[in-house]
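For ligands, and for the atoms within them, numbers begin at 1 and follow the listed sequence.
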Amino acid sequence: MTQTHPQIPLSEVGLRPVVLREDGRALRLLDQRALPSQELWLEFTEVEPIARAIETLVVRGAPAIGCTAALGLAVCSLGFPEEPGAFRQACAVALERFANTRPTAVNLFVAISQMREVLAQAPTSTPVPRLREQLKTTAVRHVEDDLAACLAMGANGASLMPEGGTILTHCNTGALATAGWGTALGVIRTAHRWGRGIDVLVDETRPVLQGARLTAWELQQANIPARVITDSMAGALMAQGKVAAAIVGADRIAKNGDVANKIGTYTVAVLCAHHNIPFYVAAPWTTIDLSLESGREIPIEERDHNEVHMHGGTRLTPEGMAACNPAFDVTPANLIRAIITERGVHVPGELV
Ligand code: MRU
C-alpha cells in the first residue's frame, strides 16, 4: 500500500531569516551571532554593512548567503545613482564586494550571476527604475526558488530517515541557513511531520557552534526530540549502535559528487562508513558546481584563528599559540549513500 504524505503548506514554513522589510526598502536579517539567547533583527540598506554581515556570520549557511546577496543588491540599488551608466557601475562594484565575502558556498556565486545576468540582458537604454524592478523580481524569485527547493528536498528525503531512528546532523542546515525550512534539517523536519518518530543528535560543531546554538534552537522550536553532543562523541555513540543515519548539508558539490561542507563533516562520514551507517547529503541543485571535476578544486575558506582560540570572550589557548581554522572540509563521494535535492535522490557519482 502506498502511503501519501501531506505537503508542507507555505503557511507552516515558519522562520524566514533573510527578508525584505515590508516597504521593500531594507534588508532584514535575523542576527545569528546573538542566537539562541537573543532574537535580534538587523536592517541593512548599504553594500559594505551587508558584506560585513556575511563575513561576520550575522547570516550564514550556503543558500542564506546567496539570498542575502540577491536581496541585498535589490535594496542597495535604491540608493544608487539615477544615471544608467553610473547605476550599472555601482551594481557591478556591489556584486564584486559580495563575491569577495566567503569563497566556499557556490550558492552565493549563483545568486550573483543571476543578478549580473539581469543587467547584462537589459538594453543600455533601460531606465534605472525599470532595472531596479527587474533586480528585485529576480532576487525575490531566487529566494522563493530556494524555499520551494527546501520543501521539495524535505519530501524527497523524509522517507530515507529510518523510522524510530536517531539521526545525527552536523552544523546548521535549517531555516536559518536557507530561505526557510532548511536542507538537511528540512528533511528531518519533514520526516518528523510525517510521523516517522525520529530523534536527533546534534553535533555542537566547533569552532562556531552552529549545531549547539542554532540547530538546537530550531529543533526546540519545532518540538523535535533532540540532544546536543560534542563533536568528539559521535564515534562512540555510533559504536554503541545509537545512530541510525546521518544527514548534513553542503556548501558546494563537485561534478563527481564530492561534497564540501562544514569542518567536521568528513569525520562524521568516515565514522559512518566504519560503522555501516547511511550518510546522506541534502542540498539544492544550485549547490552543485558542474564546472569542478572533483572536491579537490573547491576553495576552502580559512577563517580568523580567534574563532578557535576564543570562546564567549574567554581565551582558551595560551597567548602566542598557533591554530588552524579551515571552515569546511571535503567528503569524498564514495562515503555518501545519496545526495537529496529538489529533483530527487541521486547517486553521488551520477549527478549529470
Ligand atoms: O560557515 P557556515 O555556518 O556558513 O557553514 C554552513 C554549513 O556548512 C552548512 O552545513 C551548509 O551551508 C549547508 S546549509 C543549508
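No donor-acceptor pair closer than 3.5 Å links the side chain of Asp203 to the backbone N or O of Asp231.
Of the listed residues (Glu293, Glu350, Glu297), just one forms a salt bridge (Lys or Arg N to Asp or Glu O under 4.0 Å) with Lys255, and that residue is Glu293.
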Donor-acceptor contacts under 3.5 Å from residues 36-47 side chains, at least two apart:
from: Ser37; atom 1: OG; to: Ala34; atom 2: O; distance (Å): 3.1
from: Glu43; atom 1: OE1; to: Arg21; atom 2: NH1; distance (Å): 2.8
from: Glu43; atom 1: OE2; to: Arg28; atom 2: NE; distance (Å): 3.2

> Between Thr190 and Trp181, does a side-chain contact (heavy atoms from CB on, under 4.5 Å) hold up when you go through it step by step?
Replying inline: CA-CA 9 Å; Thr190 305; Trp181 198 249; 3.0 Å; yes
> Would Arg213 and Asn172 count as a side-chain hydrogen bond (donor to acceptor under 3.5 Å, both in side chains) if you check the C-alpha gap in whole Å, the side-chain angles of each, and the deciding distance to 0.1 Å?
Replying inline: CA-CA 9 Å; Arg213 296 186 302 107; Asn172 172 267; over 6 Å; no
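In Glu144, the CD atom is crowded: over 12 heavy atoms of neighbouring residues, nucleotides or ligands sit closer than 6.0 Å.
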Atom pairs, nitrogen or oxygen, ligand 1 to protein, under 3.5 angstrom:
from: ligand 1; atom 1: 1 (O); to: Arg102; atom 2: NH1; distance (Å): 3.4
from: ligand 1; atom 1: 1 (O); to: Arg102; atom 2: NH2; distance (Å): 2.8
from: ligand 1; atom 1: 1 (O); to: Lys262; atom 2: NZ; distance (Å): 2.7
from: ligand 1; atom 1: 3 (O); to: Arg60; atom 2: NE; distance (Å): 2.8
from: ligand 1; atom 1: 3 (O); to: Arg60; atom 2: NH2; distance (Å): 3.3
from: ligand 1; atom 1: 3 (O); to: Gln210; atom 2: NE2; distance (Å): 2.9
from: ligand 1; atom 1: 4 (O); to: Gly61; atom 2: N; distance (Å): 2.9
from: ligand 1; atom 1: 4 (O); to: Arg102; atom 2: NH1; distance (Å): 2.8
from: ligand 1; atom 1: 8 (O); to: Asp251; atom 2: OD1; distance (Å): 2.8
from: ligand 1; atom 1: 8 (O); to: Asn261; atom 2: OD1; distance (Å): 3.3
from: ligand 1; atom 1: 8 (O); to: Lys262; atom 2: N; distance (Å): 3.2
from: ligand 1; atom 1: 10 (O); to: Asn261; atom 2: OD1; distance (Å): 2.7
from: ligand 1; atom 1: 12 (O); to: Ala62; atom 2: N; distance (Å): 2.8
from: ligand 1; atom 1: 12 (O); to: Asp251; atom 2: OD1; distance (Å): 3.2
from: ligand 1; atom 1: 12 (O); to: Asp251; atom 2: OD2; distance (Å): 3.0

